[in-house]
Amino acid sequence: MAGLLGSAGMAAADTTPQSEGGATATMGGLKTYGAAVIHDGGTDEQVSAGLFEMSVDGGGTLQTYCIDIHNPAQKDSRYQETPWSGTSLSGNRNAGKIRWILSHSYPQVNDLAALAAEAGAKGLTEQDAAAGTQVAIWRYSDDADVDAVDPQAEKLADYLQKHAQNIPEPAASLTLEPAAVSGHPGELLGPVTVHTDADSVTVTPPVDATTSGVKIVDKDGTEIASATDGERVYFEVPEKAQNGSAEVTVQASTTVPVGRAFASETRSQTQILAGSSESTVAATATASWAATGAIPALSAEKNCAKGGVDITAVNKGDEAFTFELMGVSHTIPAGRTQIVTIPLQEDQAYDFTIKGSDGYEKWFKGVLDCKTESSTGGLRAQTFSEPSPATVGGTAATDTNLAETGASSMTPIIAGTAIGLVLIGGATLLLLRDKQQPTRD
């Protein structure tokens, strides 16, 4: 999907893929975990279950659990804070129970003695608490038949599953709405509303503001360098400005709300936030302007309920804006807004640009990842190049391979006492599986 043509009256281009705002992070490692067994179609798979750690762009650390049991987590994958509507939580009637579990278990509750007493367990280590919490989450995120291997971790999982209640999705750490606006030179283009849980955000004007004369202002036209939650900001474009576009970036330092989803730029496991340090969050919005003709403003958002990507097209011009996408022509009349849903298949990557005749273009890129089952269904074997942890139930080293968590693999990525490595001929590794069911208290 590329080279999608349109018609517009702009001379500038925006070739940076839009993010949905919030925290952007890189997958680091599976840090605190125990063992779990997935039961699927008469097959039992032992996997690691617990907390991941991600490094936030600009500073900060996130702790997350997996909500995508049948797919592997890939080390160094890039993740973006994402609304539930853009993940497998869309349409999941138990999504709010996952948030309750996160708020009432480890690491949000770090008094493990009290947590064990609540769960009726004899005692909990950090590894037990992480494994039990992950197992309870999988039962709601993936509707998985899964048990913790450790009896105390299993007691915690059962307790959390039984007592979980639906609570609403948490608000984003930082977004700008809408992400794109348009209009004529000499006007205040906007408004763009700031939504954040931070005390305030820093407003960075367009990079060429000195030469273009474009300013970021409040409703009274006063130039601003910061903003607060709910505040509306505008692009002030000089009346004699040539046709073009500009971008504003806002940034803050805050703790990301527990329960926010994180989706990868590839097919790495979708994650849900369990804990956050003070972290850097950011969001961008663009403005486009022209004296005459069509003046489009385009933004995109994954829509798992519709199985595609919603392109929101706003036309503030005095002529219709027409573009072609996947062989279908779309026309946005002057002064109108229209949402065009681009249907995609599960796991399908998309990378396309909507172009204007005078150089305007908007690039959209990502992967539609709306389901927890793999494309082929059932459990899958995954092969990865990095070594797995030596044992299950410990705190992983910083270079731990991530893929064993929930990936249901029969390769060396799964570590545990139930799996042995046999060296044959000094070169070939065979995995021996122990399919005994875990015992419980």
Side-chain angles (χ1 to χ4, degrees), residues 30-40 43-52 63-70 73 88-89 92-167 258-259 269-275 372 379 392-396 404-408 414-418 436-441:
L30 179 63
K31 296 300 180 181
T32 306
Y33 58 91
V37 174
I38 306 169
H39 314 289
D40 187 28
T43 301
D44 293 342
E45 293 285 349
Q46 182 165 310
V47 298
S48 297
L51 273 173
F52 291 97
Q63 292 177 299
T64 61
Y65 286 106
C66 160
I67 52 171
D68 196 0
I69 196 171
H70 292 294
S88 58
L89 295 179
N92 184 337
R93 60 187 178 87
N94 292 315
K97 292 183 179 181
I98 298 171
R99 187 187 175 195
W100 185 96
I101 291 171
L102 293 165
S103 300
H104 290 79
S105 192
Y106 182 76
Q108 288 300 304
V109 177
N110 57 19
D111 185 340
L112 296 183
L115 186 60
E118 286 284 337
K122 294 178 181 178
L124 291 170
T125 65
E126 290 182 345
Q127 292 76 28
D128 295 336
T133 305
Q134 177 65 92
V135 166
I137 289 171
W138 276 335
R139 291 173 181 175
Y140 284 126
S141 65
D142 297 72
D143 195 24
D145 183 3
V146 57
D147 299 311
V149 170
D150 183 90
Q152 308 313 315
E154 176 66 8
K155 284 184 179 295
L156 175 61
D158 289 343
Y159 163 79
L160 294 171
Q161 180 185 15
K162 179 180 178 181
H163 289 83
Q165 303 173 28
N166 264 309
I167 55 178
V258 169
Q269 278 178 348
T270 305
Q271 304 283 311
I272 194 162
L273 188 69
T372 57
L379 302 179
V392 169
T395 299
E404 75 275 12
T405 300
S408 306
I414 294 180
T417 57
Q436 292 182 347
Q437 296 293 330
T439 58
R440 306 189 192 180
D441 273 357

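Both backbone and side-chain heavy atoms feed into the values below; hydrogens, waters and symmetry mates do not.
By the side-chain contact (heavy atoms from CB on, under 4.5 Å) test, A164 is found to be paired with K97, W100, I101, Y140, residues two or more places apart in sequence or in another chain being considered. Looking at residues two or more places apart in sequence or on another chain, you find no side-chain hydrogen bond (donor to acceptor under 3.5 Å, both in side chains) involving S141. Here S105 pairs with T133 under the side-chain hydrogen bond (donor to acceptor under 3.5 Å, both in side chains) rule; sequence neighbours left out. Every residue meeting the side-chain hydrogen bond (donor to acceptor under 3.5 Å, both in side chains) condition with Q161, not counting sequence neighbours, appears here in chain and number order: R139. Residues satisfying the side-chain contact (heavy atoms from CB on, under 4.5 Å) test with A274, not counting sequence neighbours, are L51, Y65, L102, P107.
Here the straight-line distance linking atom CG of L160 with atom CG of L115 works out to 6.5 Å at 0.5 Å rounding. The distance from the NE2 atom of H104 to the CD atom of E118 is 9.5 Å, given to the nearest 0.5 Å. Atom CG of N166 is separated from atom CG of N94 by 6.0 Å, given to the nearest 0.5 angstrom. Between the CG atom in L273 and the CZ atom in R99 there is a gap of 11.0 Å [rounded to 0.5 Å]. Here CG of D68 is found 9.0 Å from NE2 of H70. Values are rounded to the nearest 0.5 Å. Note that CD1 of I98 and CG of D142 are 8.0 Å apart. Values are rounded to the nearest 0.5 Å.
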**Q.** Derivation and outcome, side-chain contact (heavy atoms from CB on, under 4.5 Å), residues H39 and V37
**A.** CA-CA 6 Å; H39 314 289; V37 174; 3.5 Å; yes
Q: Check the pair T125 / D128 against side chain to side chain donor-acceptor pair (under 3.5 Å), numbers first and verdict last.
A: CA-CA 5 Å; T125 65; D128 295 336; 3.1 Å; yes
**Q.** Candidate pair V146 and V47, rule side-chain contact (heavy atoms from CB on, under 4.5 Å), full reasoning
**A.** CA-CA 10 Å; V146 57; V47 298; 5.8 Å; no
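Residues F52 and C66 share a closest heavy-atom pair of CE1-CB, 4.1 Å. Across all their heavy atoms, S48 and L30 have their closest contact at CB-CD2, 3.9 Å. Listed here is the closest heavy atom pair of A36 and W138: CB-CZ3, 4.3 Å. Shown here for V135 and A157, the closest heavy-atom pair between the two residues is CG1-CB, 3.8 Å. When all heavy atoms of A49 and Q134 are compared, the pair lying nearest together is CB-CG, 3.8 Å. The shortest heavy-atom contact between A131 and A153 is CB-CB, 4.3 Å.
For the pair E154 (side chain) and D147 (backbone), a donor-acceptor distance under 3.5 Å is absent.
A side-chain hydrogen bond (donor to acceptor under 3.5 Å, both in side chains) check over residues 107-117, counting only residues at least two apart or in different chains, returns nothing.
Taking 4.5 Å as the limit, every side-chain heavy atom of Q271 sits out of range of all side-chain heavy atoms of I67.
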